[in-house]
Amino acid sequence: MPIRVAVAGAAGRMGQTVCRAVETAPDLRLTGRADPALDTPLSQVLPDADVLVDFTIPTSAVANAHAAVTAGVHVVIGTTGFDPAQLEDATGANIFIAPNFAIGAVLMMEFAVQAARHMAKAEIIELHHDRKVDAPSGTAARTAALMSEASGQPVPVHSVRLPGLVAHQEVILGDVGQTLTIRHDSTDRESFMPGVLLAIRKVQSLTESPTVGLEKLLVSP
Ligand SMILES: NC(=O)c1ccc[n+]([C@@H]2O[C@H](COP(=O)([O-])OP(=O)(O)OC[C@H]3O[C@@H](n4cnc5c(N)ncnc54)[C@H](O)[C@@H]3O)[C@@H](O)[C@H]2O)c1
């Protein structure tokens, strides 16, 4: 049986890309597109869904996730700019959250954490398109938190918002007489789709909810 998938934020940039990706996956079936811009409330799409994918806005994502798990629908959240702790009490189904679904960004975070243990100081520059509503980005906030945990040092984040950009991040580490730069660029929203589809397939079998971070779903080759 295909997994039945509804998308919240279906009229948005990410939502439209997710709908197309779900429609082309043979083991998934797109059963609903919720978005105020489509005059379709979430309550209309939940009854036909096994999994809800949410790419909306921070204030909606938390309410949408609570409504979905209450209805027994698992949730995959890509929306950024909210505190995942707000979903710790949500029961009834599983919640998976990733601030970045691109495999390259996950690797960037891993390499940055590794480097933070060895170099004196680090700062992050994140660059996004000018219609992004939150700053710093969820990816930068998570990278900084993981690096601070590893190094015991604060990691400042600088945000750039310009037309022409999609999603980019540079982690710059400095020490005596040297710097190391780790950079990731998403030049197309397709870069997020393999990660989103993986999360849709795995969210039902999570043993911990909410689970945060795509790295938790990846198996090393
Ligand atoms: N995790 C990732 O890998 C990743 C990648 C890119 C973007 N994002 C995040 O995804 C989110 C969406 O980004 P976007 O560029 O598609 O934004 P967007 O503005 O293009 O789309 C958001 C859509 O959500 C809709 N919406 C608002 N409230 C809603 C609700 N209650 N129910 C259903 N739909 C609702 C809006 O009408 C709009 O169509 C942002 O938070 C962004 O930071 C995450």
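These numbers come from the heavy atoms of this one structure, side chains and all, not from hydrogens, waters or symmetry mates. Whatever order the structure lists them in is the order used to number ligands and atoms, beginning at 1.
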Considering [options], which one's heavy-atom position lies nearest to [atom]?
atom                    : options                       : value
atom 27 (C) of ligand 1 : Ile57, Val18, Asp134, Thr79   : Ile57
atom 24 (O) of ligand 1 : Pro99, Pro41, Gly9            : Gly9
atom 32 (N) of ligand 1 : Asn64, Leu42, Leu38           : Asn64
atom 40 (C) of ligand 1 : Thr56, Val196, Val106, Val133 : Thr56

What residue and heavy atom of the protein are closest to [atom], and at what distance?
atom                    : result
atom 21 (O) of ligand 1 : Gly12 CA, 3.2 Å
atom 18 (P) of ligand 1 : Arg13 NH2, 3.7 Å
atom 37 (O) of ligand 1 : Asp35 OD1, 2.7 Å
atom 35 (C) of ligand 1 : Pro36 CD, 3.3 Å
atom 3 (O) of ligand 1  : Phe101 N, 2.8 Å
atom 7 (C) of ligand 1  : Met14 CG, 3.6 Å
atom 28 (N) of ligand 1 : Ser60 OG, 3.1 Å
atom 41 (O) of ligand 1 : Thr80 N, 3.1 Å

Indicate yes or no for a side-chain donor-acceptor contact from Gln204 to the backbone of His74 under 3.5 Å, with no hydrogens or angles considered.
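Looks like no, no N/O pair under 3.5 Å.
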For the backbone of Asp48 and the side chain of Thr31, can you confirm whether one donor and one acceptor N or O come within less than 3.5 Å of each other?
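Side chain of Thr31 to backbone of Asp48: a pair is present.
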Using a strict cut-off of less than 4.0 Å between a Lys/Arg side-chain nitrogen and an Asp/Glu carboxylate oxygen, indicate whether Lys132 and Asp130 qualify as a salt bridge.
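Salt bridge flag = no for Asp130 with Lys132.
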Is Glu215 paired with Arg142 through a side-chain N to carboxylate O contact shorter than 4.0 Å?
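Salt bridge between Arg142 and Glu215, a charged N being under 4.0 Å from a carboxylate O: yes.
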Lys132 contact mode with ligand 1 (heavy-atom cut-off under 4.0 Å):
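Answer for Lys132: side chain.
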Does some side-chain heavy atom of [Y] sit less than 4.5 Å from a side-chain heavy atom of [X]?
X      : Y      : answer
Phe82  : Leu87  : yes
Thr211 : Ile95  : no
Gln169 : Met108 : yes

By number and element, which atoms of ligand 1 are closer than 4.0 Å to a non-hydrogen atom of Gly78?
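Close to Gly78: 1 (N), 2 (C), 4 (C), 8 (N), 9 (C), 10 (O), 44 (C).
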In terms of atom number and element, which parts of ligand 1 are under 4.0 angstrom from non-hydrogen atoms of Ala11?
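Heavy-atom distances to Ala11 below 4.0 Å select 39 (O).
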Counting neighbours of CZ on Arg4 that are heavy atoms of other residues, nucleotides or ligands and sit closer than 6.0 Å, is the number greater than 12?
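Correct, the count exceeds 12.
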Evaluate whether atom CD of Glu149 has more than 12 neighbouring non-hydrogen atoms of other residues, nucleotides or ligands under 6.0 angstrom away.
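No.
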